[in-house]
Every structure is written in structure tokens, then in C-alpha cells.
Amino acid sequence: MRSAVITYGITRSDGVAEVRGVGEVILPSSVGEVADALKAGGANVRVVDDIEPYRWLKVIINAAINPITAILRARNGAIIKDPNAWSANP
């Protein structure tokens, strides 16, 4: 498998990962068996013919969100909850 895009929200603390936001696992159609196994395990999986647009979308979203959360010293949810995240003057 060349790549996958995962949009689940995960929080890591003391070596433990916890799902905080249910997203999806986007996989190329060439890995149907992997998709089936993840679906059987309860994951929200989407299979697509061309994964590249989804990879670029994730990069663009991360490029926008990560600097804001770093400036605010907050988690991703702060962008929705904190009015300062929507202005140029935090």
C-alpha cells in the first residue's frame, strides 16, 4: 500500500492513544482486503480510485490548523470554540 489518509482525531498522552474525533480512513482501491479488514474492525473506511486529492486536502487543512493551534497553545478544537482563533489578533 502506497498511502492512506486518516482523519480520525487522536490524543496521545503517556504512551496511550485515544480517539477523540471519529473521521475516516481513506484508502486506494488497490487495497480492498485491507479496507475490508478495517471495516470489519469498526473503522469508517472509504475506498477511492485516486487518493492524491485527499492527501493534498489533508496537507492543506493541516497547514491551516496547526499554526493556529500552536499560536493559541491549544488543541484543534480551539479553532471552533475560541473566538480568538478566528481573528488575526490572538
Side-chain angles (χ1 to χ4, degrees):
M1 177 169 42
R2 199 176 96 166
S3 65
V5 176
I6 301 171
T7 64
Y8 279 79
I10 305 293
T11 298
R12 288 181 292 270
S13 178
D14 298 325
V16 176
E18 181 180 341
V19 175
R20 290 289 181 103
V22 176
E24 63 184 343
V25 178
I26 304 169
L27 295 169
S29 57
S30 61
V31 294
E33 289 182 22
V34 174
D36 292 341
L38 290 171
K39 286 178 187 178
N44 183 18
V45 178
R46 183 179 357 167
V47 176
V48 297
D49 290 329
D50 184 6
I51 200 163
E52 289 304 310
Y54 298 95
R55 291 179 66 204
W56 279 107
L57 179 61
K58 175 126 179 159
V59 167
I60 292 165
I61 291 170
N62 285 350
I65 291 173
N66 293 348
I68 295 169
T69 57
I71 290 167
L72 296 175
R73 296 181 186 193
R75 295 183 177 184
N76 288 358
I79 294 172
I80 295 169
K81 296 175 186 172
D82 186 342
N84 290 324
W86 293 91
S87 73
N89 299 311

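Side chains are part of it too, since the values below use all heavy atoms of this structure and drop only hydrogens, waters and symmetry mates.
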**Fill in**
Sequence neighbours excluded, the answer for side-chain contact (heavy atoms from CB on, under 4.5 Å) partners of Arg12 is Ile10, Ala17

**Prompt:** Under a single-linkage definition using a 4.5 Å side-chain heavy-atom cutoff for Ile, Leu, Val, Met, Phe, Trp and Tyr, are Val25 and Val31 assigned to the same hydrophobic cluster?
**Reply:** yes

**Complete:** So salt bridge (Lys or Arg N to Asp or Glu O under 4.0 Å) across residues 59-70, not counting sequence neighbours, yields none

**Asked** When you measure from the side chain of Tyr54 to the backbone N and O of Leu27, does any donor-acceptor pair fall under 3.5 Å?
**Response** no

**Request:** Check Val47 against Ala35 and note the closest heavy-atom contact, atom names and distance.
**Result:** CG2-CB, 3.6 Å

Please report, to 0.1 Å, the donor-acceptor pairs under 3.5 Å made by any side chain of residues 56-67, with sequence neighbours excluded.
from, atom 1, to, atom 2, distance (Å)
Lys58, NZ, Ile6, O, 2.5
Asn66, ND2, Asn62, O, 3.4

**Message:** I'd like to check the salt bridge (charged side-chain N to carboxylate O under 4.0 Å, His left out) partners of Glu18; sequence neighbours left out, ordered by chain and number.
**Reply:** Arg20

**Fill in**
Contacts satisfying salt bridge (Lys or Arg N to Asp or Glu O under 4.0 Å) that involve residues 26-49 (not counting sequence neighbours) are Glu24-Arg46

**Fill in**
Minimal heavy-atom distance between Ser3 and Pro28, with the atoms involved, is O-CD, 3.2 Å

**Request:** With sequence neighbours excluded, tell me which residues meet side-chain hydrogen bond (donor to acceptor under 3.5 Å, both in side chains) with Arg55.
**Result:** Glu52

**Request:** Following the transitive rule for hydrophobic clusters with a side-chain heavy-atom cut-off under 4.5 Å over Ile, Leu, Val, Met, Phe, Trp and Tyr, establish whether Val19 and Leu38 coincide in one cluster.
**Result:** yes

**Request:** Kindly write out the residues that satisfy side-chain contact (heavy atoms from CB on, under 4.5 Å) with Ala37, not counting sequence neighbours, or none if the list is empty.
**Result:** none

**Prompt:** Do Val45 and Val5 share a hydrophobic cluster, counting only Ile, Leu, Val, Met, Phe, Trp and Tyr and linking them when any side-chain heavy atoms are less than 4.5 Å apart?
**Reply:** no

